[in-house]
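Only one structure is covered here, and it is reproduced in the block below.
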Amino acid sequence: MNLFVAKLNFDTQEDDLRSAFEQFGEVTSCSVITDKFTGRSKGFAFVEMADEDAANAAIEALNETD
């Protein structure tokens, strides 16, 4: 299941995001989207999880958190 993650702190790194989601299951890919000119995060990312139930648990637990 591919998840769109918005409203990220601009200092969030892919490893931080992966660690947060791995608490709920296997993360197959994780990508913080950056500006191609500055390299700075755009404040959103995509996380792909292998199991839909784990992805839904992550959404439930992490929604509206920092």
Side-chain angles (χ1 to χ4, degrees):
M1 180 173 206
N2 196 10
L3 307 173
F4 172 72
V5 183
K7 297 183 182 179
L8 290 176
N9 181 308
F10 292 113
D11 295 326
T12 302
Q13 301 293 315
E14 286 182 11
D15 290 339
D16 303 326
L17 195 59
R18 182 179 294 274
S19 294
F21 279 84
E22 281 181 337
Q23 296 175 40
F24 303 96
E26 180 188 354
V27 174
T28 55
S29 69
C30 177
S31 162
V32 174
I33 307 305
T34 57
D35 181 273
K36 68 179 179 179
F37 297 110
T38 65
R40 184 173 178 221
S41 169
K42 288 189 172 187
F44 66 94
F46 294 95
V47 175
E48 188 171 352
M49 298 187 73
D51 181 57
E52 188 172 337
D53 290 333
N56 287 326
I59 291 167
E60 184 72 29
L62 298 174
N63 191 33
E64 299 296 329
T65 63
D66 287 337

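Any value given below was found using the heavy atoms of this structure, including those in side chains, with hydrogens, waters and symmetry copies removed. What you see is a predicted model; the values in this text were computed from it and never measured. Numbering starts at 1 and runs along the sequence shown.
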Where the side chain of [X] meets the backbone of [Y], is there a donor-acceptor pair that is under 3.5 Å apart?
| X | Y | answer |
| --- | --- | --- |
| R18 | V27 | yes |
| N63 | I59 | no |
| D16 | Q13 | yes |

Is there a side-chain contact between [X] and [Y] (heavy atoms, below 4.5 Å)?
| X | Y | result |
| --- | --- | --- |
| C30 | E48 | no |
| D66 | N9 | no |
| I33 | S31 | yes |
| F44 | V5 | no |

Neighbour count above 12 (heavy atom, 6.0 Å) for D15 CG: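 No, because the 6.0 Å sphere around CG of D15 holds 12 heavy atoms or fewer from other groups.
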Measuring from [X]:[atom1] to [Y]:[atom2], what's the distance to the nearest 0.5 Å?
| X | Y | atom1 | atom2 | result |
| --- | --- | --- | --- | --- |
| L62 | Q23 | CG | CD | 7.0 Å |
| M1 | D53 | CE | CG | 9.5 Å |
| M49 | F21 | CE | CZ | 7.0 Å |

Minimum heavy-atom separation for [X] to [Y], with atom names?
| X | Y | result |
| --- | --- | --- |
| T12 | L8 | OG1-CB, 4.2 Å |
| A54 | G25 | CB-CA, 4.0 Å |
| S41 | F10 | O-CD2, 3.2 Å |

